Amino acid sequence: MFSHLPSLQLLLLNSNSFTAIRDDAFAGLFHLEYLFIEGNKIETISRNAFRGLRDLTHLSLANNHIKALPRDVFSDLDSLIELDLRGNKFECDCKAKWLYLWLKMTNSTVSDVLCIGPPQYQEKKLNDVTSFDYECTTTDFVVHQTLPYQSVSVDTFNSKNDVYVAIAQPSMENCMVLEWDHIEMNFRSYDNITGQSIVGCKAILIDEQVFVVVAQLFGGSHIYRYDESWTKFVKFQDIEVSRISKPNDIELFQIEDETFFVIADSSKAGLSTVYKWNSKGFYSYQSLHEWFRDTDAEFVDIDGKSHLILSSRSQVPIILQWNKSSKKFVPHSDIPNMEDVLAVKSFRMQNALYLSLTRFIGDSRVMRWNSKQFVEIQALPSRGAMTLQPFSTKENHYLALGSDYTFSQIYQWDKEKQLFKKLREIYVQAPRSFTAVSTDRRDFFFASSFKGKTKIFEHIVVDLSL
């Protein structure tokens, strides 16, 4: 438009009816120093509208209808001395964050930028906005990798500065061990433990040795150890078939520097059993109770004391407390009015202890310890849910609610309301577990699928000011 006027130094475009300034609107005006576009009806300005105007010293966009400016719209204006934005009312939200920061850094003289919104900033100056940091970032979960097989549980462990994942695959009769590839930036196959109807793989690290407890529905359950010379997992010992009939969960814990794990057994014929490491192997240490068809076991530190919470299809969750004298778990209390709980998971936020309780029928629950008992703080509709998994990344706390009947939900903790609020939906066929895995300063979570493909989601922080 102006390419035939390369030596132009002053351009007045005042009191017209312009509504927009497009990219390269002033191309060719390399020596332009003064540009006045006042008293128009400009609402939108493209990011590269002022590209090439490196000699421009004075720019006026006064008395238009501008509510927002694109990020770095003034980046080419190396010589800018004065900028006039009076008579425009800006939305001082996340999209204005870059302008707020630019105003604090620029050497140019800039007129006051007045806000029309949000309500808390109406008629205030943009410079007076206190902070954008909290409001201008959100989080999301995006699919990073899809694994072409079904799974029911996922466990993660670190060994010699590498991150591994053990995935139970009943239909393929495998416990697949994956390793994080620091170069390709994905999870790759590392080893494969074969078995029969594997429902759980739990890693245990003791004295730089790596063990994996492999729980099976048939053929007994076993423990494997990583053999450096063979560079693979080899069978280390068997677990007594007489005690474990239908394993449903494996929970690892430590008490007084001793290593234990418990297998929750969901058969009337089986016994939920605690196993202990004795420097040579794992032996059955305590049978917890009979005839209760336990679906899940969770180790919890409550006020400095060790506890196990057992959830069951046939009774409310019971709480067992570690007796320091007998060195055994003894019945302590229960969680009333919570029948048919499939799983209990514990987590901490701001030094407070919480539980998430999964229910297939009815609402799942979030409860908080109040120094005397667990009290309900939130009910989550969860028809068809097999897992309600808490996990955290940096300053954010989440719950992943897996459903067999509809989309799974990810909830995020709202610090102000002290409740979990829905963040987004994800689709996973028949999810059975969600497991957080962190590596190379990146955060992932694995979503196992009983009927479809296992998915790996990455947690990302989204800057809304971009």
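These figures come from a predicted structure and were not determined experimentally.
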Trainee: Give a yes or no on whether the backbone of V163 and the side-chain of N158 come within a donor-acceptor separation of less than 3.5 Å.
Mentor: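 Checking the backbone N and O of V163 against the side chain of N158, no donor-acceptor pair under 3.5 Å is found.
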Trainee: Just wondering, more than 12 heavy atoms not from F218 lying within 6.0 Å of its CZ?
Mentor: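 It does not: F218 CZ has 12 such atoms or fewer within range.
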Trainee: Does a sphere of radius 6.0 Å around NZ in K67 hold more than 12 heavy atoms from other residues, nucleotides or ligands, not counting ones at 6.0 Å or beyond?
Mentor: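 Counting neighbours around NZ of K67, 12 or fewer heavy atoms of other residues, nucleotides or ligands fall under 6.0 Å, so no.
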Trainee: Counting distance only, does the side-chain N/O of Q378 pair as donor-acceptor with the main-chain N or O of F420 below 3.5 Å?
Mentor: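 Side chain of Q378 to backbone of F420: a pair is present.
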Trainee: About how many Å separate CD of Q321 and CZ of F329, when rounded to the nearest 0.5 Å?
Mentor: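 Answer for the CZ-CD pair, F329 versus Q321, is 9.5 Å.
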Trainee: Please report the C-alpha distance between H182 and D440 in whole Å, then the side-chain angles of each, then the deciding distance to 0.1 Å, and finally whether the side-chain hydrogen bond (donor to acceptor under 3.5 Å, both in side chains) criterion is met.
Mentor: CA-CA 8 Å; H182 297 277; D440 285 347; 3.0 Å; yes
Trainee: Please name all residues satisfying salt bridge (Lys or Arg N to Asp or Glu O under 4.0 Å) with E376, sequence neighbours left out, ordered by chain then number.
Mentor: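 Once residues adjacent in sequence are excluded, the partners of E376 under the salt bridge (Lys or Arg N to Asp or Glu O under 4.0 Å) criterion are R365.
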Trainee: For the pair F445 and F457, name the ring-plane relationship: parallel under 30°, tilted 30 to 60°, perpendicular over 60°.
Mentor: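 Geometry flag for F457 against F445: parallel rings.
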Trainee: Is the shortest heavy-atom distance from the side chain of L399 to the side chain of L380 under 4.5 Å?
Mentor: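 Yes, close enough: below the 4.5 Å cut-off.
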Trainee: Check whether the ring centres of W277 and F211 lie less than 6.0 Å apart, and answer yes or no.
Mentor: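 Yes, they do, as the ring centres are separated by less than 6.0 Å.
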Trainee: Whether D181 and R188 form a salt bridge (side-chain N of Lys/Arg under 4.0 Å from carboxylate O of Asp/Glu) is what I want to check.
Mentor: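 Between D181 and R188 there is a salt bridge, with a charged N closer than 4.0 Å to a carboxylate O.
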Trainee: Are K202 and E251 within salt-bridge range, i.e. N to O under 4.0 Å?
Mentor: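 Judged by the 4.0 Å cut-off on N to carboxylate O distance, K202 and E251 do not form a salt bridge.
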Trainee: Can you name the closest pair of heavy atoms from S287 and L271 and give their distance?
Mentor: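 Shortest heavy-atom separation between S287 and L271 comes out as OG-CD1, 3.8 Å.
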Trainee: For Q254 and T259, test the side chains for any donor-to-acceptor distance below 3.5 angstrom and give the result as yes or no.
Mentor: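 Q254 vs T259: donor-acceptor pair found between side chains.
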Trainee: Please determine which of L288, V330, V262 meets the side-chain contact (heavy atoms from CB on, under 4.5 Å) test together with L320.
Mentor: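 Answer after filtering L288, V330, V262: L288.
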Trainee: Salt bridge between D414 and K421, side-chain N to carboxylate O under 4.0 Å?
Mentor: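 A salt bridge is present here (some side-chain N lies under 4.0 Å from a carboxylate O).
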Trainee: Output yes when R54 and D78 qualify as a salt bridge under the 4.0 Å nitrogen-oxygen rule, no when they do not.
Mentor: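 Looking at R54 and D78, the cut-off is met.
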Trainee: With a 4.0 Å cut-off, would you call K451 and D404 a salt bridge?
Mentor: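 D404 and K451: not salt-bridged.
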Trainee: Could you pull out the closest heavy-atom pair between M386 and P431, with the gap in Å?
Mentor: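 Taking M386 first and P431 second, the nearest heavy atoms are CB-O, 4.0 Å.
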Trainee: When rounded to the nearest 0.5 angstrom, what distance separates CG in L310 from CD in Q315?
Mentor: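 Spacing of CG (L310) from CD (Q315) equals 8.5 Å.
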Trainee: Quick one: pull up CD in E256 and CH2 in W322 and give me the separation to the nearest 0.5 Å.
Mentor: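 Reported to 0.5 Å precision, the distance equals 7.0 Å.
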Trainee: Tell me, please, whether Y285 has K328 positioned over its six-membered ring: NZ or CZ under 6.0 Å from the ring centre and within 45 degrees of its axis?
Mentor: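 Ring-cation test returns yes.
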Trainee: Find out whether S189 and N192 are in side-chain contact, i.e. whether some heavy atom of one side chain is under 4.5 Å from a heavy atom of the other.
Mentor: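 They are not in contact (no side-chain heavy atoms under 4.5 Å apart), so the answer is no.
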Trainee: Quick check for you: to the nearest 0.5 Å, what is the distance between E173 atom CD and Q196 atom CD?
Mentor: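 Interatomic distance, E173 CD to Q196 CD, rounded to 0.5 Å: 6.0 Å.
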Trainee: Do you know the tightest heavy-atom contact between G281 and Q237?
Mentor: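 Where G281 meets Q237 most closely, the heavy atoms are CA-OE1, 3.4 Å.
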Trainee: Looking only at the aromatic ring of each residue, does the gap between the centers of H307 and F299 stay below 6.0 angstrom?
Mentor: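 No, the ring centres sit 6.0 Å or more apart.
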Trainee: Using every non-hydrogen atom in the two residues, find where A203 and D155 come nearest and quote the distance to one decimal.
Mentor: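 Scanning both residues completely, I find the closest heavy atoms to be N-OD2, 2.7 Å.
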Trainee: So that I can tick it off, tell me whether R47 and D72 are bridged by a salt bridge, with the cut-off set at under 4.0 angstrom between side-chain N and carboxylate O.
Mentor: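 Here D72 pairs with R47 in a salt bridge, since their nearest N and O are under 4.0 Å apart.
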Trainee: Aromatic ring centroids of F157 and Y164 under 6.0 Å?
Mentor: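 Yes, close enough.
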Trainee: Would you tabulate the side-chain donor-acceptor contacts of residues 353-363 under 3.5 Å, counting partners in other chains and residues two or more places apart, or write 'none'?
Mentor:
residue : atom : partner : partner atom : Å
Y354    : OH   : R368    : NH1          : 3.2
S356    : OG   : L388    : O            : 3.1
T358    : OG1  : L388    : N            : 2.9
R359    : NE   : E339    : O            : 3.2
R359    : NH1  : D363    : O            : 3.4
R359    : NH2  : E339    : O            : 3.2

Trainee: Check the pair F347 / F391 against ring pair (Phe, Tyr, Trp, His ring centres under 6.0 Å), numbers first and verdict last.
Mentor: CA-CA 8 Å; F347 59 105; F391 63 99; over 10 Å; no
Trainee: By the definition side-chain contact (heavy atoms from CB on, under 4.5 Å), identify the one residue from V214, L217, I239 that meets it with P247.
Mentor: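 Per the side-chain contact (heavy atoms from CB on, under 4.5 Å) rule, the option paired with P247 is L217, out of V214, L217, I239.
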Trainee: Are the side chains of R442 and H459 in touch, meaning some heavy atoms are under 4.5 Å apart?
Mentor: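 A side-chain contact is absent here, since even the closest heavy-atom pair is not under 4.5 Å.
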Trainee: How long is the gap from OG on S46 to CZ on R22, to the nearest 0.5 Å?
Mentor: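 Going from OG on S46 over to CZ on R22, the span is 5.5 Å.
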Trainee: Please work out which of the three classes, parallel, tilted or perpendicular, describes the rings of Y224 and H222, given edges at 30° and 60°.
Mentor: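 The rings of H222 and Y224 stand perpendicular, inter-plane angle above 60°.
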Trainee: NZ of K394: more than 12 outside heavy atoms within 6.0 angstrom?
Mentor: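 Atom NZ in K394 is crowded, with more than 12 foreign heavy atoms closer than 6.0 Å.
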Trainee: Which is it for Y398 and W413 under the ring pair (Phe, Tyr, Trp, His ring centres under 6.0 Å) test, yes or no, and what are the steps along the way?
Mentor: CA-CA 6 Å; Y398 302 96; W413 180 251; over 10 Å; no
Trainee: So which heavy atom on L147 is nearest to which on K453, and how close?
Mentor: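 Closest approach of L147 to K453: O-CB, 3.4 Å.
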Trainee: Does the gap between the ring centers of W180 and Y190 come in under 6.0 Å?
Mentor: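 No; Y190 has its ring centre 6.0 Å or more from that of W180.
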Trainee: Say whether, by atom type as modelled, one donor and one acceptor occur between the side chain of N370 and the main chain of Q373 under 3.5 angstrom.
Mentor: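 A pair under 3.5 Å: yes.
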Trainee: Under 30°, 30 to 60°, or over 60°: which ring-plane class applies to F50 and F74, parallel, tilted or perpendicular?
Mentor: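 Taking F74 first and then F50, their aromatic rings lie parallel (interplane angle under 30°).
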Trainee: Using every non-hydrogen atom in the two residues, find where V316 and I335 come nearest and quote the distance to one decimal.
Mentor: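 Closest heavy-atom pair between V316 and I335: CB-O, 3.3 Å.
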Trainee: Does K345 NZ have over 12 foreign heavy atoms under 6.0 Å away?
Mentor: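 Yes - once you tally the heavy atoms of other residues, nucleotides and ligands closer than 6.0 Å, there are more than 12.
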Trainee: Indicate, with yes or no, if the rings of F260 and F253 have centres closer together than 6.0 Å.
Mentor: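 Between F260 and F253, the centre distance is under 6.0 Å.
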Trainee: Going through the checks in order, is the side-chain contact (heavy atoms from CB on, under 4.5 Å) test met by F444 and H144?
Mentor: CA-CA 8 Å; F444 302 92; H144 172 77; 3.6 Å; yes
Trainee: Which distance, rounded to the nearest 0.5 Å, do you find between the CD1 of I460 and the OG1 of T137?
Mentor: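 With rounding to 0.5 Å, CD1 (I460) is 12.0 Å from OG1 (T137).
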Trainee: Salt-bridge test for R313 and D340: reply yes if a basic N is under 4.0 Å from a carboxylate O, no otherwise.
Mentor: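 So R313 pairs with D340 through a salt bridge.
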